[in-house]
Amino acid sequence: MDNQSPLKIWLDIFSSMSKAPLTVSINLPWNQAQKVLLDQILASLDQSGLFHTCAIARADVDHLLRPLAVSGPLQQIVLQNVAILFPPDHPHARSITTRAQIENRTLLVADYAHSEYLQHPNQAEWRQMIETAGIQWLLATPIHRHASVWGVFILSGLQHEPPELMIESAEKMAVFMADAMEHLETRRNEQQYRETLKSLAHTDALTDLPNRRALETQMEQAMLRAIRHNRLLAVCMLDLDDFKLINDTYGHEIGDEVLVILGRRLSNVLRQSDFIARYGGDEFVLLLEDLADHADLTRVLRKIEKIIPAPILLSNGESVQIGTSMGVTLYPFADADQADQLLRWSDQALYAIKAHKAERKNCWALFGEEILADRRNPAQILLDQGALAVWYQPILDSRTGKIVGIEALARLRDKDGVVWPPARFLPELHGEDFSELNKLVLTQALKDLSMLDAQGWPLWVSVNLNPRSLSGYCISYLREILGESTVDASRITLEILEGEDFLEHQTVLDLLLEIKALGFRLALDDVGSAYSSLLRMKDLPIDEIKLDQGFVRTLEQRPQDLHFLGAIQDLATGMKVDLVVEGVETEDILDAVTVMGSTLLQGYAIAKPMPFAELQAFLKNTIFPHRHRPLSLLGLYAARLAQHEALKKTISRSPCAVNYLTLADAAACPLHKDIQRLGCDNSDKLDHLHREYHRAIAVMDALLLATPSGADWSAVDQAVEDFEQAIVETYFEEKSKKRQIS
């Protein structure tokens, strides 16, 4: 014990625990969280050197006193083999641990190997193990929770005469354990209560469906997805016909029962991409997403029209039937970009269809149906008139600082000179329109690329290829365009939107292979926007992936999404495909993704989409000089993330590959100089946390050298979390100050 008194060591133990509070995730299952907590406590005791083996035991439903947590040399033996019975007629009932539980008091045996309990023949093997280990004394004290004995705390040691203060200190530690478990349980209960409140705030109490508040959030996201994926969104206001009659006839309790059953029916009949909310009373709102055309919408509405009138068997034994009316608004056909406007129009359509129940053919009405007749709409007319304008957005190679490629983007220019973006005209195109658009954009892009070649800018070009236009005709016009151009097919990348389900069909895969055989490169666009991305990527013959810009353009608000970027980079490297990072809209994001090692970058921080003449001027006059990065705190966060991931992989695979002294010296780390160079207000705090991180990772390296399979990364993880959090907080603070100044 290095001549220290047991009291001094106990005081050090309590002091250590108070300065470094026990950290347990409250999201773990209770048994697992409790186990982690007890393991941490015993680990602190084990480090004191005062004890040989420490344990915490508790009786299970079969009255077996089983170890929950153990530390010390006998840890594995105790956890795997010890189960102390305490029925009175069993010899094990004389064990000190069992007696401490039954008698509810602290017991101490000074000569444990020769105790009465270990003299029983059944305990010969255990007695020999105790003697071999040199254990002299054993102490057991009850742990109390909720006014009863919860379990037993056991200590053992090697010295002949246990100190007098051992009992009192062990009892205090038992109280500390009980308090720690109580605190952990309270935190978990508070978290669960908060989550319950949050859930209730977005859930209808009767039907358990999402409520109006949840609908507001979902509608905003659904509208954004409709624009991004060039698909239709249908907002349906559904009302039950003559529902008041059911309430008046059977009472409101039966009426509520009908609403619950119909809510369940609607949820079951809708597709996985759809959404349902109870709007109030007997009204529901449905969001039908990812619709290609009116035929898709009609198929879903007919399922609803069929399922609602089916007889409903009530709890009182009776059966009722009810009809429904629906008002539907399509987005983005509807000239509105506000969710509440779409709901108002759906309500107007609902009112109109309910007013004509006697003569209607369907139970739904489409708002503005008369202007959606089958005729050429304004966007189709402009396309027919040759109003296409191809704009280009440059793609930067961050390693060389040069523009290496461009993406061709379709625009329409009306008679007044107003340029229509894709979000405005794509929803109005149908069927063969997409093939015509693809053909026109690619033809113009190759003409412009040839002109850039002549001017000394040998770039590659990417062009969007709508999967709905994939056909034999598509292969024919691609072959024709390629034959008329001097541009090699290997410089042309055809981008396919990730979210299209029919990419999984064998016919489409065969067509993509034919396109590859012509020499074109294929890219999967908006990767990450749908859950099936990874499954699809392994089957498609792609050369490039483009990360959905939704993960990148919000990095200033959500720096932690850089972890996802790192994972996608590793995936692209493993698949041997290029990765283009879109959505690089600000200098800070440019800094962060460059530091992360992303090579091909696209976004407003590099250049906005522009007409061909402006592209030529841009290429002639724009220079991207080499700059020492990181230039921002967001870039510093990215540098820390990339550095830690690399260090962790290296240390995990080969601890001896990294020098301990080098790891421990934070001043030798490039991040130390970066912190000083950036000169933020909290640089001292960041520097301190950076040093703490290096100390933790150096200790981790040493532990892995000693025990490769049993090292615990929790201290490193905590240091990483503290350092990251401090960088993010400082970044947000400085951004706030800049906004106030400006």
Side-chain angles (χ1 to χ4, degrees), residues 1-4 9 12-13 15-17 19-23 39-40 43-50 71-73 562-563 566 569-570 592 594-597 628-680 682-730:
M1 293 189 296
D2 299 331
N3 297 322
Q4 292 189 64
I9 295 177
D12 289 343
I13 292 170
S15 176
S16 172
M17 289 183 177
K19 290 179 180 177
L22 301 164
T23 54
D39 282 340
Q40 289 183 12
S44 298
L45 293 175
D46 190 48
Q47 292 172 7
S48 70
L50 186 60
S71 70
L562 282 166
H563 289 273
Q569 285 181 169
D570 290 344
T594 301
V595 169
M596 283 289 292
H628 181 71
R629 298 183 185 274
L631 301 170
S632 65
L633 283 167
L634 188 61
L636 180 70
Y637 180 91
R640 191 230 59 78
L641 190 155
Q643 179 206 60
H644 174 64
E645 291 302 320
L647 267 179
K648 187 170 183 179
K649 288 178 182 177
T650 301
I651 291 173
S652 298
R653 293 170 183 170
S654 179
C656 59
V658 186
N659 182 275
Y660 171 84
L661 294 177
T662 302
L663 274 180
D665 184 10
C669 174
L671 258 65
H672 172 73
K673 296 178 181 178
D674 292 334
I675 292 171
Q676 305 305 317
R677 179 170 51 82
L678 291 174
C680 58
N682 288 343
S683 57
D684 289 343
K685 179 180 179 182
L686 295 181
D687 188 59
H688 168 72
L689 292 173
H690 181 227
R691 293 178 187 276
E692 289 294 315
Y693 164 73
H694 271 274
R695 277 194 286 270
I697 198 78
V699 170
M700 189 71 239
D701 184 56
L703 289 174
L704 283 172
L705 283 170
T707 56
S709 61
D712 181 4
W713 282 84
S714 58
V716 176
D717 294 339
Q718 187 61 53
V720 168
E721 183 179 342
D722 292 343
F723 189 24
E724 283 186 358
Q725 186 62 31
I727 295 174
V728 171
E729 289 175 355
T730 304

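Since we're looking at a predicted model, the values are computed, not measured.
- In this structure, Thr730 contributes its side chain and Ala726 its backbone to a donor-acceptor pair below 3.5 Å.
- Across every non-hydrogen atom of Leu562 and Met596, the tightest pair is O-CE, 3.4 Å.
- Between the CD atom of Glu724 and the CG atom of Asp717 there is a distance of 10.0 Å, given to the nearest 0.5 Å.
- Heavy atoms only, all atoms of each residue included: Asp46 and Gly72 are closest at OD1-CA, 3.6 Å.
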>> Does Val699 form a side chain to side chain contact (heavy atoms under 4.5 Å, CB included) with Arg695? I'd like the steps, not just the answer.
In response: CA-CA 6 Å; Val699 170; Arg695 277 194 286 270; 5.5 Å; no
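- For Phe723 and His644, the distance between ring centers is not under 6.0 angstrom.
- Counting only heavy atoms from C-beta outward, the side chains of Leu647 and Asp701 never approach each other to under 4.5 Å.
- Residues Met700 and Asp712 have side chains not in contact (no heavy-atom distance under 4.5 Å, counting atoms from C-beta outward).
- Note that CG of Leu678 is 8.0 Å distant from CG of Leu631, once rounded to the nearest 0.5 Å.
- Across every non-hydrogen atom of Ala638 and Val595, the tightest pair is C-CG1, 3.9 Å.
- A distance of 7.0 Å separates CG of Leu633 from CG of Leu686, quoted to the nearest 0.5 Å.
- When every heavy atom of Ser683 is checked against every heavy atom of Ile675, the shortest pair comes out as O-CG2, 3.8 Å.
- Between the side chains of Glu729 and Gln725, at least one donor-acceptor pair of N or O atoms lies under 3.5 Å.
- Atom NZ in Lys685 sits 6.5 Å away from atom CG in Leu689 (nearest 0.5 Å).
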> Yes or no on side chain to side chain contact (heavy atoms under 4.5 Å, CB included) for Cys656 and Leu705, after CA distance, side-chain angles and deciding distance?
Replying inline: CA-CA 7 Å; Cys656 59; Leu705 283 170; 3.9 Å; yes
>> Quick one, Asp674 with His628, criterion side chain to side chain contact (heavy atoms under 4.5 Å, CB included). Give me CA distance, side-chain angles, the key distance, then yes/no.
In response: CA-CA 10 Å; Asp674 292 334; His628 181 71; 3.9 Å; yes
>> Could you go through Gln643 and Tyr693, starting from their C-alpha distance and side-chain angles, then the distance that decides it, and tell me whether this counts as side chain to side chain contact (heavy atoms under 4.5 Å, CB included)?
In response: CA-CA 12 Å; Gln643 179 206 60; Tyr693 164 73; 4.0 Å; yes
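- Atom CG of residue Leu641 and atom CG of residue Leu636 lie 11.0 Å apart, to the nearest 0.5 angstrom.
- In terms of heavy atoms, Gln569 sits closest to Gly597 at OE1-C, 3.7 Å.
- Between Ser652 and Trp713, the shortest heavy-atom distance links the atoms OG-CZ2, 3.4 Å.
- Heavy-atom neighbours of Lys648 NZ from other residues, nucleotides or ligands within 6.0 Å: above the threshold of 12.
- Rounded to the nearest 0.5 angstrom, Thr650 OG1 and Ile697 CD1 are separated by 10.0 Å.
- Relative ring orientation between His690 and His694 is described as perpendicular, the plane-to-plane angle rising above 60° on a 0-90° scale split at 30° and 60°.
- When atom types are taken as modelled, the side chain of Asn659 and the backbone of Thr662 share a donor-acceptor pair closer than 3.5 angstrom.
- In terms of modelled atom types and a separation under 3.5 Å, the side chain of Ser44 and the main chain of Gln40 share a donor-acceptor contact.
- A heavy-atom distance below 4.5 Å is found between the side chains of Arg677 and Pro630.
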